[in-house]
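Remarks on the structure that follows.
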Amino acid sequence: MDLFEYQGKELLRKSGVPVPEGRVASTPEEASSAARSLGGKVVVKAQVQVGGRGKAGGIKPAANPDEAAGVAEQIIGMDIKGHKVRRVLVERAGDIKAEYYCSFLLDRSQRTFLGIMSAEGGVEIEEIADTAPEKIARVHIDPLLGMSPFHARKLVFEAGIDPGARKEAIAVLPKLYEAFVALDASLIEVNPLVLTGEGRVMALDAKVSLDDSAAFRHPNFDELRSAHEISAQERAAKEKGLNYIKLEGDVGIIGNGAGLVMSTLDVVKAAGGEPANFLDVGGGADADVLSSALEVITSDDNVKSVLINIFGGITRGDLVAEGIIDALGRLDIHTPIVVRLDGTNAEQGHKMLDEAPHEMLRSATTMLEGADKAVELARGDAP
Amino acid sequence: MDLFEYQGKELLRKSGVPVPEGRVASTPEEASSAARSLGGKVVVKAQVQVGGRGKAGGIKPAANPDEAAGVAEQIIGMDIKGHKVRRVLVERAGDIKAEYYCSFLLDRSQRTFLGIMSAEGGVEIEEIADTAPEKIARVHIDPLLGMSPFHARKLVFEAGIDPGARKEAIAVLPKLYEAFVALDASLIEVNPLVLTGEGRVMALDAKVSLDDSAAFRHPNFDELRSAHEISAQERAAKEKGLNYIKLEGDVGIIGNGAGLVMSTLDVVKAAGGEPANFLDVGGGADADVLSSALEVITSDDNVKSVLINIFGGITRGDLVAEGIIDALGRLDIHTPIVVRLDGTNAEQGHKMLDEAPHEMLRSATTMLEGADKAVELARGDAP
Amino acid sequence: MAILVGDDTRLVVQGLTGREGSFHGMRNKDYGTDLVAGVTPGKGSSEVEGVPVFDTVAEAVSATGANTSMVFVPPAVAADAILEAHDAGIEVIVAITEHIPALDMARTVTHLRRSSDGRATLIGPNCPGVISPGKANVGIIPGEICEPGSVGLVSRSGTLTYQIVHELTREGLGQSTCVGVGGDPIPGSDFIDILERFEADDGTELVVLVGEIGGDAEERASRYVGEHMTKPVVAYIAGFTAPPGKTMGHAGAIISGSAGTASAKKVAFEEAGIRVATNPTEVAGIVKETLG
Amino acid sequence: MAILVGDDTRLVVQGLTGREGSFHGMRNKDYGTDLVAGVTPGKGSSEVEGVPVFDTVAEAVSATGANTSMVFVPPAVAADAILEAHDAGIEVIVAITEHIPALDMARTVTHLRRSSDGRATLIGPNCPGVISPGKANVGIIPGEICEPGSVGLVSRSGTLTYQIVHELTREGLGQSTCVGVGGDPIPGSDFIDILERFEADDGTELVVLVGEIGGDAEERASRYVGEHMTKPVVAYIAGFTAPPGKTMGHAGAIISGSAGTASAKKVAFEEAGIRVATNPTEVAGIVKETLG
């Protein structure tokens with residue numbers, strides 16, 4: 001789960017990382033009152049999860065509460081690269097002497113954690129990596145040993161952080177790492193980490209991604225997630241425990257296991273079709289889950305045909321068939337559905353489907369055949 | 001630093017380990033009022049750092065506040081194996097269904113931590129180790145990984161803890177380990193850990209030793225230490241940063257480095273003498289430290305002669321000589337002092353001593369010669 | 001021959017008394033795997049269909065000589081279960097459980113790889129397990145789709161593995177061992193660990209590697225194959241159609257920047273001389289062609 | 001020849017700008033040790049008597065090729081300094097600092113022994129260091145009491161080591177290397193680690209082992225000697241007069257129950273065929289006799 005800036009900063013503040021004082025606002029009035037409570041100049045920042053907010057006009061200064069209301073008026077409701085601005089963060093403006101970059105993340109290839117720092121902040125790290133790779137300091141942090149003070153010193157000295165910011169930066173980095181671990185984050189990126197006119201080091205922006213698998217030990221994950229806007233289908237899928245991602249095409253896809261679903265998308269594409277979604281019912285899906293999946297997919301008006309591609313392992317073919325039959329009985333479905341079923345109890349499933357014929361139902365014996373059929377059906381060619 | 005039972009239990013309580021409710025008392029009146037505040041029956045326990053309190057009459061039940069005052073009167077002031085009882089712990093008495101043993105300590109040979117558990121509590125673990133070694137469960141805990149729930153399960157199941165106590169014991173053990181680490185303990189021994197009539201598991205006794213080297217990160221160590229009674233010489237030595245232990249003999253000993261001092265004790269003993277103390281001035285001792293060391297030693301009336309055995313490394317011979325000369329000038333010393341000096345700046349030190357003759361001062365060129373001389377002097381044989 | 005599991009496998013199932021643990025444990029037993037014990041704390045001295053259950057893995061090992069463990073416990077306690085198996089001296093730990101927090105796995109995998117007193121190989125988590133057809137099945141791969149043979153298979157995916165095994169079997173291409181290493185960001189074993197074993201295994205003539213988008217495990221594997229493998233490798237990668245930046249189910253299947261895409265992985269494989277199939281069916285075709 | 005330090009030693013002193021760090025660093029340099037760098041965070045680009053100072057050990061290593069480090073920093077930051085040296089690829093770390101919390105050392109030593117990316121040998125902490133007479137001195141052992149020769153010495157004690165070296169030198173028995181492993185409960189290297197090196201070292205004919213009460217390092221060493229050493233070993237143990245239960249300065253010098261006493265250690269040595277001297281002077285006598 002990717003957090004909004006204001007959410008990430010609030011968590012960092014609680015972990016002892018200095019961040020500017022700020023308030024969230026979803027209306028110009030709230031922005032004005034936030035500015036008043038902060039006193040003096042503020043910056044109004046669009047809360048969207050996409051880069052390049054500044055260039056798009058999503059970050060504006062305001063000298064007083066009235067101005068804050070004015071710029072909030074402009075920013076709230078804006079569309080930034082397809083992301084609608086629903087909230088702004090109103091922050092006390094400060095004097096910035098230098099901007100740095102730092103982040104902590106999981107280094108999959110080393111199976112360990114990685115700290116990254118650069119004296120060149122405020123731009124994308126990929127850009128620095130391209131233009132001046134020598135300006136990026138990296139340090140691996142053993143997950144069992146944790147961060148030792150020397151890791152912080154190494155990052156700060158190797159990155160060439162200004163002498164005036166070193167001491168504070170060396171103190172802030174371990175707090176970021178502690179937050180990374182305590183929050184079960186998969187990424188904490190602070191860009192920029194700034195040196196203020198008063199010689200303080202603070203996080204001016206924060207990108208925090210949390211590990212959804214760790215939700216069981218973080219009661220606050222649900223609340224954080226509630227701030228996220230998702231499509232009706234995605235919300236419905238989420239509620240039913242499905243892993244659903246909406247895409248642009250017209251061939252609806254249901255499968256079990258992320259790898260098989262991705263492969264199904266590829267095969268549909270290779271057959272000349274465009275997948276309408278990614279939907280993984282997961283391992284051990286029962287009839288209910290299958291039925292819900294069909295409901296989610298067929299409620300998307302773009303979908304012209306559906307391919308169900310199940311290879312049973314934990315998932316049982318009979319339960320898959322039961323779910324399909326349930327959905328067809330329960331819902332008014334006018335989208336043709338191609339079912340390809342193999343593995344555990346597949347024969348039984350096929351038999352069940354045969355015994356409950358439905359005009360929208362087609363079957364396929366192989367994955368490739370299923371893809372071809374679904375693509376033809378989406379085109380309107382009745383196979 | 002070894003803690004008193006009441007200190008150890010207070011720390012364990014703060015770490016979430018259940019302990020009986022109790023109050024410390026140093027007078028019968030305090031004991032009576034403690035019993036009143038606890039309500040009902042209590043147990044009055046002598047606070048001394050020595051085993052076998054119970055057999056010595058240092059632990060007694062009391063049915064009401066008056067009885068509590070009465071037994072406190074008997075116990076306070078008692079001498080238990082050379083330890084004078086200055087305080088008692090008044091604890092709410094409970095119904096005990098079973099007594100277990102458990103401890104966490106540093107396993108030097110494996111360079112790791114060790115958890116130990118036995119269903120046979122209330123007796124010394126050495127006794128169980130002798131009589132029924134198969135009843136002792138052990139588990140090594142990697143210092144980096146820390147205690148995982150399975151470590152607790154392994155201890156509890158292997159030790160054969162009663163089914164009714166398992167769940168709570170499995171929950172309590174990790175708290176004890178966390179306390180062990182958080183307190184920088186070198187030992188936490190709970191004997192007995194009890195199962196109460198209400199099915200609770202709690203620490204009925206606690207022996208906690210703390211790592212003095214970690215005092216810099218534990219502001220409470222000083223306060224804990226203040227409860228300890230030590231001899232006048234030990235207190236003076238402590239204040240001066242000397243590592244001093246009083247022994248029974250009459251040859252005072254000063255050296256630098258624990259190994260060399262121990263070796264000096266052995267050599268004095270081999271020469272027929274009895275060391276009066278162990279005193280290590282440590283590495284890099286200066287004149288002041290040497291002078292203080294001499295003051296501490298010569299203030300002990302048992303001391304008939306002193307052997308100063310210094311092999312300079314960080315410690316400089318000239319500063320040693322300066323300290324001796326200072327002490328001889330400052331104090332009224334009538335105890336003969338044999339000085340053996342080698343290593344860094346030893347020649348300079350010898351020269352300084354030669355230039356400041358004192359009737360009590362003798363010199364020795366080797367450690368063995370020094371020991372012989374000091375022993376003869378203690379016997380009254382003037383060498 | 002085979003790798004990881006086989007005739008010497010003596011299996012203990014951690015979580016045997018659970019619904020899924022007993023279902024799949026018994027399926028493994030029915031397949032012919034030597035299921036010797038189950039472990040569920042507090043249920044020691046009980047049985048599941050004749051298989052003795054112990055309170056701890058250590059007890060199970062000492063009573064039954066178990067050398068392989070299948071972990072089928074909930075994600076919150078799975079890392080602990082893996083550590084327990086390792087501590088008890090289990091040699092091969094197959095962790096089926098999905099959604100274990102990455103932090104738990106980072107700590108667990110680091111410990112397993114470094115610890116001097118253990119020698120455990122961890123497969124998974126979030127994996128379908130390991131099957132050596134005709135010998136032993138440890139996990140949830142449907143045994144009926146496999147046939148004994150000489151193709152080794154290693155995959156980050158679950159059901160996609162079944163699909164490909166199914167295609168192989170249909171073409172008469174039996175398998176020495178099929179290994180699902182799992183799609184998590186920090187797997188206990190990665191492609192290279194398994195490729196090493198296949199390279200050394202007499203019973204394996206060719207290896208099928210099934211990759212996914214995200215991470216660089218495929219890129220590292222391709223370098224390893226180029227430098228160290230004498231046996232032919234055929235690859236398949238899923239996720240060409242995945243839009244950048246979208247999570248596709250597996251925590252591991254995240255595209256980060258330019259690296260980690262299916263195309264980048266395909267290029268890496270081809271540069272190492274590895275043929276890459278465009279769909280699961282084609283895998284079997286290329287394998288058949290390669291083995292001649 | 002020699003072990004641990006010698007002609008190839010390129011020394012960096014962590015804490016060179018401190019009072020003791022500079023005093024002993026310069027003494028080591030004067031002895032002939034190749035002191036190439038100092039490290040003090042925030043004092044990079046400065047110098048101590050011509051020796052360049054860096055902010056991090058990694059910079060010192062990359063700029064000067066340092067391969068050995070002496071740690072002379074306060075106890076609260078010493079474990080961090082050791083970990084930094086290890087991370088920077090230093091091969092031999094000699095930690096002089098005393099009073100490092102046992103927990104810090106338990107974690108640090110575990111990490112050093114397990115970490116796959118390092119190959120550092122840690123000597124100490126709370127030790128006098130290592131000297132290979134005539135070649136290099138890293139630590140605080142007074143160089144002037146040593147002479148080059150073929151006696152290896154390993155000791156848990158500081159000044160007691162000087163005493164014994166002094167006695168050896170006085171008898172004309174020079175030393176290949178003298179190693180103080182330190183008296184802490186968790187040393188980076190123990191007797192066995194050093195005995196192994198002496199056994200393999202061409203320049204060492206005999207080893208003097210200086211023990212202390214507390215722990216079981218001597219007992220384990222005696223077994224090792226009995227089973228693995230071909231070279232003669234002469235032992236000395238201090239602490240026969242120590243009353244049970246009293247702490248004698250070193251955290252390590254605690255008698256716990258019946259084990260760990262000087263007498264128990266003496267018995268263990270003698271059972272392994274090792275002669276035990278009754279005082280430091282006698283050590284030299286036995287060595288002379290043994291070498292013939």
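Proteins get letters first, then strands, A, B, ... in listed order; numbering begins at 1 in each.
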Check ion pair A:Arg217-C:Asp104 (N to O, under 4.0 angstrom):
yes
If one checks every heavy atom of C:Arg220 against chain A at 4.5 Å, the contacting part turns out to be side chain
- Query: What do the steps show when you test A:Phe311 against C:His166 for side chain to side chain contact (heavy atoms under 4.5 Å, CB included), and what is the final call?
  - Reply: CA-CA 10 Å; A:Phe311 205 109; C:His166 177 70; 3.5 Å; yes
When the 4.5 angstrom heavy-atom criterion is applied to C:Ile237 and chain A, the contacting part is backbone
Counting heavy-atom pairs under 4.5 Å with chain C, the top scorer among A:Thr315, A:Leu368, A:Asn309 is A:Leu368
When the 4.5 angstrom heavy-atom criterion is applied to A:Val261 and chain C, the contacting part is neither
For A:Leu260 and C:Ser157, the nearest pair of non-hydrogen atoms, with its separation, is N-OG, 4.0 Å
Under 4.5 Å to a heavy atom of chain A? For C:Glu20 that would be side chain
(message) Check this for me: does any side-chain nitrogen of one of A:Arg111 and C:Asp193 sit under 4.0 Å from a carboxylate oxygen of the other?
(response) yes
Among C:Val109, C:Asp190, C:Thr108, the residue with the most heavy-atom pairs under 4.5 Å to chain A is C:Asp190
Scanning both residues in full, the closest heavy-atom pair of A:Pro143 with C:Thr110 reads CG-OG1, 3.5 Å
Given A:Asp342, A:Thr366, A:Val267, the one with more heavy-atom pairs under 4.5 angstrom with chain C than any other is A:Asp342
- Item | Other residues, nucleotides, ligands: >12 heavy atoms within 6.0 Å of A:Glu248 CD | no
Turns out that what part of A:Phe113 lies under 4.5 Å from chain C's heavy atoms comes down to side chain
Under 4.5 Å to a heavy atom of chain A? For C:Ile140 that would be both
Greatest number of non-hydrogen atom pairs under 4.5 angstrom with chain C, of A:Asp212, A:Asp184, A:Asp107, A:Ile310, falls to A:Asp184
